[in-house]
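Naming: A, B, ... by sequence-line order, numbering from 1 per chain.
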Amino acid sequence: METKFGKGCHLHLIDGSAFIFRAYHALPPLTRKSDGLPVGAVSGFVNMLQRYVDGNNGADAATHVAVIFDKGSHTFRNDMYDLYKANREAMPEDLRPQIPLTRVATKAFNIACEEMEGFEADDIIATLAHQARDAGGRVTIVSSDKDLMQLVGDGVEMLDPMKNKRIDSDGVVEKFGVGPNRVVDVQALAGDSVDNVPGAPGIGIKTAALLINEYGDLESLLDRAGEIKQPKRRETLIEHRAQIELSKKLVQLDCDMTLDFGLDDLEVRDPDPEVLLGFLGEMEFRTVTKRIAEKLGVEAPVIEAPAPVATDLATPAQVGFDANAYECVRDAAALQVWINRIRERGYVAVDTETTGLNEMIADLVGISLCVEAGQACYIPLTHKSASSDDLFGSDDLAECQMDFAECLAMLKPVLEDPAVLKIGQNMKYDAKIFARLDITVAPIDDTMLMSYAMNAGLHNHGMDTLSERYLGHTPIPIKPLLGSGKSAITFDRVPVDDAVKYAAEDADITLRLWQQFKPQLHVNHVTTVYETMERPLVPVLAQMERNGIKVDRDTLSRMSNAFAQKMAGLEAEIQEMAGRPFNVGSPKQLGEILFDEMGLEMPDGKKPSTGKTGAYSTGADVLEDLATLHDMPRRILDWRQLSKLKSTYTDALQEHINKETGRVHTSYSIAGANTGRLASTDPNLQNIPVRSEEGRRIREAFVAEPGKVIVSLDYSQIELRILAHVAGIDALKQAFLDGIDIHAMTASEMFDVPLDEMTPDVRRQAKAINFGVIYGISGFGLARNLRIPRSEAQGFIDRYFERFPGIRNYMDDTIAFAKEHSYVQTLFGRKINTPEINAKGPQAGFAKRAAINAPIQGTAADVIRRAMIRMPAAIAGLPAKMLLQVHDELIFEVNEEAADDLITAAREVMENASDPAVKLDVKLAVDAGQGANWAEAH
DNA sequence: ACGCTCACG
DNA sequence: GACGTACGTGAGCGTA
């Protein structure tokens, strides 16, 4: 039969499998409303096809087009090499049933749809491309698969559909360092980990291109391999010749297949509206059906079922942000309309505006609500009126604001309604504001915590970051509204018109983020993490923060005075020794005094080290070394300790005592630390001194009310216990079971010293090693920590791994997992992303150690989170309050007579916190103490 | 704003 | 073979 395809014709070949996988991963797991059939990938596939069709016009438009699919997983390449594509992940269960539907979709668009048993889509594409080229036509391969680059040239180009970037011969050279005709040679050498093509070990694309360019082609290279100068390279090529030749066969596409159709069968045809819309209707794709119907100029068929929540989530509205579209709610009637909409929906995004960042002090200024992307309102409540003649503004309320009490009375039932989900970004803040107004917000979702569950380690989870990353929208900055420095104003002085735009947008953003994140939790397998370890912590922490802890101002004040006196004495001595006055608190000046003016030298003979700024380093370790030569460094160390205690603790803590409660209220960041730990800020109550005697006395200022006591319960060696479990170290497990001193046991094993002959120093070294292991030990790090030669430290580590080989296996396995997945996991499924794990350079070292540490630190963090979440119910009957968390410790305040009962109840919860999700091989032990203050309780 | 130093687990 | 190194945080100060 005569072929009409020829000069002037333009064939587009679409890589169907690439479309499918892209669609699958880009979209949430949508299901068809009527029967739950998974259709997310089909929906994405249809959208991509539609976008392709829309873009296919103008001079460059295709005259012929086909979508090419893979058929089956076994191809002739598997017969050559049974490991071909062997490390591909299995197809996800919910994608499998969608595969045939993508064929139906293609045909519904009236586009040719081709596949062939035993061949990959790439082979069909290769064959068609050659046929079309030989017939004098042009070809565009719509794919970004680098395996197809060998086909480029002579009128054949590729088009990356996502980047909308054309790739011609030059593009191929850019990617592979050689022209299209030599791409297979480079691939044969470099191999491909994705397809499991072995290639030559140790040779990547760069080296491969270099070799091919030098020797012309692969065959010449292999024949003349003996001439290669680099011995390693030469041997590799000679030794792995057969493997390289096999690799070439694997990557070489078959461009000479016998096809049961011709180019003329691929002519572009208009779709039959009835068929296409029929298919889309069957899939229940409402939005795209409507759009395509409009395009085709026919009426859209009616698709049953109203818009339920799931469908809203499925197709996040593609509405732009319009700050002018937000409503300002000024009276009860307007608010009632919003409340009706909220009740109809069953969910609402909420945001509060207040006079400050400290939610224990800040007052509510206004509330924003959003029920649908782009549809948000702001309810100003206590904005002050602007008055032009008064620089400080008036204290009169601005006009046309809803009555504060009336508004709260109307919203309270909604905010507390179990049937209405309240969505927020960092809900703990808003919940605390509302709690002070006697409104208990529940149930909630929190977009910050959703992001944290999915993306810990990738970026922070503030609204600005999330909006920019996931919505492509930069929120209105608050700075211009409030100003900065001395002239800064509070939000109640922001003009209402400006406030509406800013505040309502926050609720709008939050709702859109929620629409995007909610279905993604499942995809990322972190729904359980979010629902059991993130979200439920919000009310628990909110309550703890509101409880606060009583801090005795007089105690702190007396200590501050004592510190000041001692510091003054030390300062005089120091300056006397220096020979001139200088700022003892300035590391820069101190360095110059020590090393330049006094001429001290490091005892190890090395040059004094410097920081990034070039100033001498004067850290405690340096001064400790110098203290062997001179009396001044010791004085500096003492002065620094006092200075730290005074400025960071005894002075600063007084400023944090709340005027109304007389207590200090910290704030915990739930999504701050990548590992799952909490972080305490404003003030940080997780780093109150304890290690030094002088510092520990600061804890005496943290007191119980009269008639009450402070109770402290802390997990004993929780991280080492978790290590024993995850690494499966029997000796460690047994030691914990027997209640043996774990560091002494380690020392005994490593240094062959019987337990009863253990010296404190040997034990100290073993302890350092135990902790080093948790941190991703290195000879250098241990050497520095123990102040021993590096070789000796390395010897200890070698001995440790020899004695506990399971630890090394755990480390190796963890790093291998991180390298493959770019994340690690805790025992409870928390994910910690490790994006730098495959980087080169020093970042990789950091990433490795972080990856080793994260599952251990993170599992411990998960355990105490679980305990905290269960704690309120467990102590509900007791006159006790949970006040603080310090990573492995919980602090309570309880009526004196109930202290023992509290310890019993809280210990029970803490020791069993991993149940039933994880069965630990090692029992968790909890130590408890009580007293009039934190120092006594610890 | 950033680096240094140091407090905690 | 060299490189840089203990893990995770927050706050206050000096310096730019």
Item to check | Spacing of A:Lys612 atom NZ relative to B:dC2 atom P, expressed in whole Å | outcome: 11 Å
Item to check | Nearest-angstrom distance from the residue atom CD of A:Glu694 to P of B:dC8 | outcome: 13 Å
Item to check | Residue pair A:Tyr452 / A:Asp446, side-chain donor-acceptor N/O under 3.5 Å | outcome: no
Checklist entry - Would you say the side-chain atoms of A:Arg640 and A:Thr618 include a donor-acceptor pair closer than 3.5 Å? => result yes
Next on the checklist: For a quick check under 3.5 Å, do A:Asp798 and A:Gln794 share a side-chain donor-acceptor pair by atom type?
Outcome noted: yes
Checklist entry - Starting at CG of A:Leu642 and ending at P of B:dA7, how long is that distance when rounded to a whole Å? => result 10 Å
Item to check | Interatomic distance where NZ belongs to A:Lys588 and P belongs to B:dT5 [whole Å] | outcome: 13 Å
Checklist outcome for this item: Each base of DNA chain C marked ( ) or [ ] if paired in-strand (Watson-Crick or G-U under 3.5 Å), | if paired to another strand and . if unpaired gives ......|||||||||.
Checklist entry - Does a donor on one side chain and an acceptor on the other come within less than 3.5 Å for A:Thr666 and A:Ser680? => result yes
Next on the checklist: Under 3.5 Å, is there a donor on one side chain and an acceptor on the other for A:Asp682 and A:Ser667?
Outcome noted: no
Checklist entry - If the P atom of C:dA6 is compared with that of B:dT5, how far apart are they to the nearest Å? => result 14 Å
Checklist entry - With nearest nucleotides of DNA chain C determined for A:Gly781 and A:Asp682 from heavy-atom distances, which residue corresponds to the more 5′ nucleotide? => result A:Gly781
Checklist entry - In a check of side-chain contact (heavy atoms from CB on, under 4.5 Å) between A:Ile722 and each of A:Val918, A:Ile856, A:Thr826, which one passes? => result A:Ile856
Checklist entry - Does B:dC6 have OP1 or OP2 sitting under 4.0 Å from an N or O in the side chain of A:Arg640? => result yes
Checklist entry - Between A:Leu626 (CG) and B:dT5 (C1'), how many Å, whole number? => result 16 Å
Next on the checklist: With a cut-off of less than 4.0 Å, is there a side-chain N or O of A:Arg691 near OP1 or OP2 of B:dA7?
Outcome noted: no
Item to check | Geometric cation-pi criterion, A:Arg808 with A:Phe804: 6.0 Å, 45° | outcome: no
Item to check | Outermost DNA chain C nucleotides near chain A [under 4.0 Å, heavy atoms] | outcome: C:dG4 to C:dA16
Checklist entry - Just how far, in rounded Å, is P of B:dC8 from OH of A:Tyr668? => result 16 Å
Next on the checklist: If only side-chain N and O atoms count, and only distance matters, is there a donor-acceptor pair under 3.5 Å linking A:Ser586 with A:Asn583?
Outcome noted: no
Next on the checklist: Contact list please: residues 613-624 of chain A against DNA chain B, heavy atoms, distance less than 4.0 Å, in numerical order.
Outcome noted: A:Thr613, A:Ser617, A:Thr618, A:Gly619, A:Ala620
Item to check | Whole-angstrom distance between B:dC6 and C:dG4, as gauged at atom C1' | outcome: 23 Å
Checklist entry - If every non-hydrogen atom of A:Arg635 is compared with every non-hydrogen atom of A:Leu570, which pair is closest and at what distance? => result CD-CD2, 3.6 Å
Item to check | Integer-rounded Å distance: B:dT5 P and A:Asn687 CG | outcome: 18 Å
Next on the checklist: Mind checking if A:Gly772 touches a base, just sugar-phosphate, or nothing, with heavy atoms under 4.0 Å?
Outcome noted: base
Checklist entry - Can you check whether A:Met577 reaches A:His630 side chain to side chain, under 4.5 Å on heavy atoms? => result yes
Checklist outcome for this item: In whole angstroms, the gap separating P of B:dA7 from CG of A:Leu653 amounts to 15 Å
Next on the checklist: Closer than 3.5 angstrom, by distance alone: can the side chain of A:Glu694 be matched with the main-chain N or O of A:Leu642 as a donor-acceptor pair?
Outcome noted: no
Item to check | Pairwise P distance, B:dC4 and C:dT5 [rounded to whole Å] | outcome: 12 Å
Next on the checklist: I need the A:Leu678 CG to A:Tyr668 OH distance, nearest 0.5 Å.
Outcome noted: 7.5 Å
